[in-house]
Amino acid sequence: MNKPEPPPRVRFAPSPTGSLHVGGARTALFNWLFARGRGGTYILRIEDTDRLRSREDLSREIIAELGWLGLDWDEGPVFQSRRGELYLPPAERLLEAGLAYRSEPDPEGRTAIILRVEPEEITVFDRVYGKITVAGSELKDIVLIKSDGSPAYNFACAVDDHEMGITHVIRGDDHLPNTPKQILLYRALGWGPPVFAHLPLILGADKTPLSKRHGATSLKAFREAGILPDALVNYLALLGWSPGGDREIMTGEELVREFSLKKVNRKAAVFDHQKLVWMNGRYIQAAAPEELAERLRPLLAGTEWESASPEKLQSVISLLGHRLKTLADFTDLAGFCLEGEIGYDPEAVAKHWAGEDTGEILAETREAIERAEPFTREGLEEALRAVVERRGIKAGALMQPLRVALTGRKDSPGIFEIVALLGREVTLDRLNRALVFLGKNS
RNA sequence: GACCCCGUCGUCCAGCGGUUAGGACACAGGCCUUUCAAGCCUGUAACACGGGUUCGAUCCCCGUCGGGGUCGCCA
């Protein structure tokens, strides 16, 4: 019944005139999901025909960030600029057929090759938007080869897509108006056009298209902010697409399995940084400390953590647990785990060291910790709770002053875990220092 | 301005002629608790408007309004 469709060939074709931002990443992702879900081929093509604005370093960055996201390609990267020979023959063919003409020479005597467009109605069947009809009178003649000899975008695009055997062109909504022109190009050249599918735009919170003004929108920035690639992929997949129903947290495999162009939205979506961070937190919770430590390491360059051992990193990550929403939170939350003196947050001191018996409690706590056996989370809990019991105080009356003594702050992970991680020596040092501080201030 | 596209909670999505319009983020309250988180429970909150079609419209059609995209020898 169903015609067996040949496996699709799709491409992501960024131009290296800026960093890869989340909009481009989502386009890449949808192409990738489409190809992977149907046993197709995903190709990376760098559209660097703009000789003035294209930058080689940006090409490299885009390729690297795509790799980081985990969107591996099967062919390429193909650089459009290195395919110069490809474009002239079909343009000349159109010239000979009388379908194209040469422009008036520019001041330097160079001419462009331009396709003559007849005023006829063009219909595009878009996989996402459906049927779109444009009056031919809306279209102007189309430049094929620019005066400088390089191919113009629409022409290069059509020639490349045809030559590379692209079956489905999945790209940003902003290309929708280009599509009738490209269809005309295919028609003139006698080629069968690919299937087109346009993706809705991604907007900033102010509903304007995402740009630098909206802060960190490049993949590089997200990576450096400690967003995990899997979390970003998951979040991006749900921006403009849904599998139907209420599913949200999905593995890459599930996304591949469920993805279909049919369920892609037509409405521009606002990028919600908060939700991405929430989702990232979920991925951090689910990830192994070893993996997190590895991902964290590059972010620690130049900090006091630079030389920390993998084991140390892992144990601190485990201690912090789901308090980490992004890997970048690490340095802020983990400061007290570094050896050396800690600073006291004045608010924490005012709130938890104000009691008259604080010094007494901490002194007794010190003795309990000196003697605690075994020196484990459980052993410590038992020892400290015994102090609470003996003094007939509320648990918080001990835990909070102790927290300030060990971390300098009002909030932290569980205090028994902290003592266990810090070790007896560091803990006692910090307690002694706290007692000196209290003595001076009472 | 012309052409094209879009319009469900603040945001992302579900819905596909009959629903108490559902979930998630965010927000508020509660439980838990050594703090902060996390977790669990509860709550606030939407079909842009006006006409049709229909026994019945969030859903189909038309218009209005609102938002966006494109109109380069840029990609």
Side-chain angles (χ1 to χ4, degrees), chain A residues 13-18 47-54 80 103 106 110-114 124 126 128-130 132-135 137-157 171-181 198 200-203 205 207-209 235 238-249 263 265-279 281-282 285 320-325 329 333 348 351-352 381 384-385 388 394-404 407 409-416 418:
Chain A
S15 58
T17 54
E47 307 218 322
D48 55 350
T49 52
D50 184 342
R51 290 165 183 178
L52 292 176
R53 296 194 306 152
S54 293
Q80 217 166 31
S103 69
D106 66 7
R110 306 178 305 180
T111 59
I113 302 177
I114 301 173
V124 180
D126 187 279
V128 172
Y129 283 95
I132 296 163
T133 305
V134 180
S137 54
E138 291 302 318
L139 300 175
K140 294 196 275 186
D141 289 357
I142 303 165
V143 174
L144 307 178
I145 303 291
K146 298 186 255 182
S147 303
D148 69 0
S150 66
Y153 171 72
N154 284 117
F155 186 62
C157 202
R171 75 226 307 193
D173 197 333
D174 47 335
H175 287 286
L176 202 48
N178 280 326
T179 310
K181 297 183 197 174
H198 288 88
L201 254 38
I202 297 180
L203 272 25
K207 305 248 188 184
T208 62
Y235 179 73
L238 264 20
L239 216 49
W241 173 82
S242 120
D246 296 332
R247 306 180 62 193
E248 288 208 311
I249 304 283
K263 304 222 77 172
N265 262 236
R266 287 181 285 274
K267 193 178 82 172
V270 173
F271 189 88
D272 185 349
H273 191 82
Q274 259 183 326
K275 186 155 185 178
L276 200 217
V277 169
W278 165 79
M279 194 170 273
R282 295 290 300 259
Q285 283 180 39
L320 261 20
H322 37 245
R323 264 158 278 252
L324 285 179
K325 289 279 207 305
D329 293 338
L333 296 178
K351 191 167 179 192
H352 297 301
E381 170 155 18
L384 293 178
R385 291 219 187 265
V388 168
K394 289 196 290 184
L398 186 157
M399 310 301 174
Q400 295 295 53
L402 178 58
R403 183 185 318 283
V404 178
T407 71
R409 39 198 300 167
K410 290 188 297 249
D411 55 81
S412 80
I415 199 71
F416 312 124
I418 288 176

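Chain letters run A, B, ... following the sequence lines, proteins first, then strands; residues in each count from 1.
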Just to confirm, is there a sub-4.0 Å distance from OP1 or OP2 of [N] to any side-chain nitrogen or oxygen of [X]?
X	N	result
A:N265	B:rA14	yes
A:R282	B:rA24	no
A:K325	B:rA38	yes
A:R266	B:rC6	yes
A:T17	B:rA75	no

Tell me which nucleotide among [options] gets nearest to the side chain of [X].
X	options	result
A:S412	B:rU34, B:rU35, B:rC4	B:rU35
A:K267	B:rC6, B:rC36, B:rC71	B:rC6
A:Q285	B:rU11, B:rA37, B:rA38	B:rA38
A:I415	B:rA75, B:rC12, B:rU34	B:rU34

Distance check, [atom1] atoms only: [N] and [M], in whole angstrom units.
N	M	atom1	value
B:rC4	B:rG50	P	27 Å
B:rA75	B:rC59	C1'	38 Å
B:rC36	B:rG68	C1'	42 Å

Is any side-chain N or O of A:S147 under 3.5 Å from a base N or O of B:rC73, one able to act as donor and the other as acceptor?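 Looking at the base of B:rC73, it does pair with a donor or acceptor on the side chain of A:S147 (distance under 3.5 Å).
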
Looking at A:E248 and A:R282, is there a salt bridge between them, counting it only when a charged N and a carboxylate O are closer than 4.0 Å?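 No, A:R282 and A:E248 are not salt-bridged.
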
Taking the nucleotide of RNA chain B with the closest heavy atom to each, which residue, A:Q274 or A:H322, is nearer the 5' end?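 The answer here is A:Q274.
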
Under 3.5 Å: donor-acceptor pair, side chain of A:R409, backbone of A:A348: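 No, A:R409 side chain to A:A348 backbone: no donor-acceptor pair under 3.5 Å.
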
